[in-house]
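Heads up: the structure comes next, in structure tokens.
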Amino acid sequence: MENQLLIYNTLSRKKEVFKSIIPGHVGMYVCGPTVYGHAHLGHSRPAITFDLVYRYLMHLGYKVRYVRNITDVGHLVADADEGEDKIGQKARVEKLEPMEVVQTYTNSYRRNMKQLNVLPPSIEPTATGHIIEQIELAKKLLEKGYAYESKGSVYFDVEKYSNNFEYGKLSGRKIEDLQANTRTLERQDEKRSSLDFAIWKKAQPEHIMRWPSPWGEGFPGWHTECIAMSTKYLGEQFDIHGGGMDLMFPHHEAEVAQSCATLGHDSVNYWMHNNMITINGQKMGKSLGNFIILDDFFEGNHPLLERAYSPMAIRFFILQAHYRSTVDFSNEALQAAEKGFERLMKAVALLDEIHASETTTLDVDALEAECYAAMNDDFNSPVVIANLFDGVRMINSLNDGKARIDEPGLAKLKKVFNDFVFDILGLRNDEKEASGSDEVLVKVVDLLLNTRMEAKAAKNWALSDKIRDELAKLGFEVKDKKDGFEWVLKK
RNA sequence: GGUACCUUGGCCGAGUGGCUAGGCAGCGGUCUGCAAAACCGCGUACGGCGGUUCGAAUCCGCCAGGUACCUCCA
């Protein structure tokens, strides 16, 4: 293949030619959600980004094992007084079992992902389901001498590690800078250095989620679950690890350190990081309190939302930006995306009505090549979409009789649209089949419009306009054709 | 404070040494009884100041503004 797939690797800060470890197979791990709240718009970014990657790799013929975890334990609260974990705190507030909270938000997340047409991963492991593996990892780090026990907790020894390995190589940090930059945080007495991170945390008495371990009752630390689970399901070395840019440091850096410390080498060949979604130029995040949950988008329930936006409008909106750029939320931008998406879908629907000619005036091969070139250039979905709009113009021109296409060209055009719009970009046509859903309604509207045709024939413009305008008020969009009409019921 | 990144037309958003991005909105035209839809055409954008170059939005420097990470977050 002339066009090779290029992937921007955070590790080298360059686009690299993608080569899987085992030909024909790809192992991919992506950091999933912490299930202590409903998914917000920000969560949709990595989900959609890596869904695109997953879909494209499969389209290229790879057999992909895609692992995306559910974080249901760990991750200390920012200003935690007693180092309690998020799930536990939320559970107490709502007087629920921690696992009940986990189940609620996991279900909610999966439902939202399905709405966004995000394919379920091959394996969706949970942190609580892999406590044993995490304890084993901690033991191994202790054996290797890169971790130490302190008051019932186990910490990773960053300084010792950096004697033999380069801590900070993923995020571009230098250990000297990090050390110089030390902020004295409270309760650091257990750690030898502020750079050290928890592998296992001792559970405080009031802590609800706890498991027995060689160091007493506790729970796994911040960064162990991903490395424990990725190793278990993808091996000691695998192809792609993805996640949000905000996880680069310290989370992913800590993963790199744990791999190198336990295995002596990196686990990940290509590190991919998606950028953030911003709102008023600022990152959308839970702690910033400026997030809007996906359910609110779908229902229009938020002061910042002028109205509801469909899951596909949001998916299209996100895909219209490259995954490594920030994408700024606004009603205006979302509405623009929605209109563009509708235009694309209309053209797709028209494709079935196009008839082939003997000759062709369109270069569909070039269109296809451009689409592949864009995807191969680090999954450049906005350029794919731009190319597809060129295709939209082709389709509309064909429909207007202003262009011609031959049989092979038409087949190719249909294939390009089917492959890129649906299989690769993962868009879905949610247009309510209002016209087909209620036969009586269809007949009544057709009756009215036929009456209008008669009025038009009699040049009774007052009546024909009245019928059209009244239907418009009810949400019907009427289009006159040369010898008839078309209508569609908008929401 | 440290580190990295960003600043493109009314809005969103690609591009990254010379060649049309694209979408939305707007304007003009074709079509239409009038519309809608569609098609054709238009706006000549790259934060500021210098520099390198035959040529820079694209490379370098400085300045301004912004963001991210360093602390849970996608």
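Computed from a predicted structure; not experimentally measured. In what follows, every chain begins at residue 1, and chains take the letters A, B, ... in the order their sequences are listed.
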| query | Quick check: does any side chain N or O of A:N274 sit under 3.5 Å from a backbone N or O of A:R45, one acting as donor and the other as acceptor? | reply | no
| said: Looking at A:D377 and A:N380, would you say the former's side chain and the latter's main chain have a donor-acceptor pair under 3.5 Å? | reply: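 No, because the side chain of A:D377 does not come within donor-acceptor range (under 3.5 Å) of the backbone of A:N380.
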Is there a side-chain contact between [X] and the phosphate of [N], meaning an N or O under 4.0 Å from OP1 or OP2?
X      : N     : value
A:K479 : B:A38 : no
A:N331 : B:C12 : no
A:R343 : B:A38 : yes
A:R393 : B:C40 : yes
A:N396 : B:C39 : yes
A:S325 : B:A14 : yes

| field | Partner nucleotide of B:G26 by Watson-Crick or wobble geometry (both distances under 3.5 Å) | value |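 Base-paired to B:C42.
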| field | Any-strand Watson-Crick or G-U partner of B:C69, both distances under 3.5 Å | value |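 By the stated definition (distances under 3.5 Å), B:G2 pairs with B:C69.
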| request: Please tell me which of the listed nucleotides, B:A37, B:A21, B:G13, lies nearest to the side chain of A:A386? | output: B:A21
| Between B:G22, B:C34, B:C69, which nucleotide gets closest to the side-chain atoms of A:D465? |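 So the nucleotide nearest the side chain must be B:C34.
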Euclidean distance for [atom1], [N] against [M] (whole angstrom):
N     : M     : atom1 : answer
B:U20 : B:G50 : C1'   : 31 Å
B:G61 : B:C24 : C1'   : 38 Å
B:U7  : B:G47 : C1'   : 6 Å
B:C12 : B:G48 : C1'   : 24 Å
B:U30 : B:G22 : C1'   : 24 Å
B:C49 : B:A38 : P     : 41 Å
B:C27 : B:A64 : C1'   : 35 Å
B:C42 : B:G15 : C1'   : 22 Å

Could you state the [atom1]-[atom2] distance from [X] to [N], rounded to the nearest angstrom?
X      : N     : atom1 : atom2 : answer
A:E342 : B:C24 : CD    : C1'   : 12 Å
A:D328 : B:C6  : CG    : C1'   : 13 Å
A:R452 : B:A35 : CZ    : P     : 13 Å

| message | Within the 4.0 Å heavy-atom criterion, would you say A:E486 contacts the bases, only the backbone, or no part of the nucleic acid? | response |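 It contacts nothing in the nucleic acid.
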| said: Under 4.0 Å, heavy atoms only, any strand: does A:M276 hit a base, just the sugar-phosphate, or nothing? | reply: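 Answer is base: heavy atoms of A:M276 come under 4.0 Å of a base.
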| task | Name the orientation class of the two ring planes belonging to A:Y109 and A:H43 (parallel below 30°, tilted from 30 to 60°, perpendicular beyond 60°). | result | perpendicular
| said: Please determine whether any donor N or O and acceptor N or O are separated by less than 3.5 Å between the side chain of A:R468 and the base of B:C34. | reply: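 Pair found.
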| task | Classify the side chain of A:R173 and the base of B:A4 as holding, or not holding, a donor-acceptor pair under 3.5 Å. | result |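 Answer no: no donor N or O sits under 3.5 Å from an acceptor.
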| message | Tell me whether the ring of A:F389 lies stacked over the B:G23 base, given a 5.5 Å limit on centroids and a 30° limit on the plane angle. | response |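 By the stated criterion, A:F389 and B:G23 do not stack.
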| said: Using a 6.0 Å distance limit plus a 45 degree cone around the ring axis, check whether A:R173 lies over the aromatic ring of A:F249. | reply: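 Flagged: A:R173 positioned over aromatic ring of A:F249.
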| message | Could you check whether A:R452 pairs with A:D480 (Lys NZ or Arg NE/NH1/NH2 to Asp/Glu carboxylate O, under 4.0 Å)? | response | yes
| Results of ring pair (Phe, Tyr, Trp, His ring centres under 6.0 Å) for A:H322 - residues two or more places apart only | none
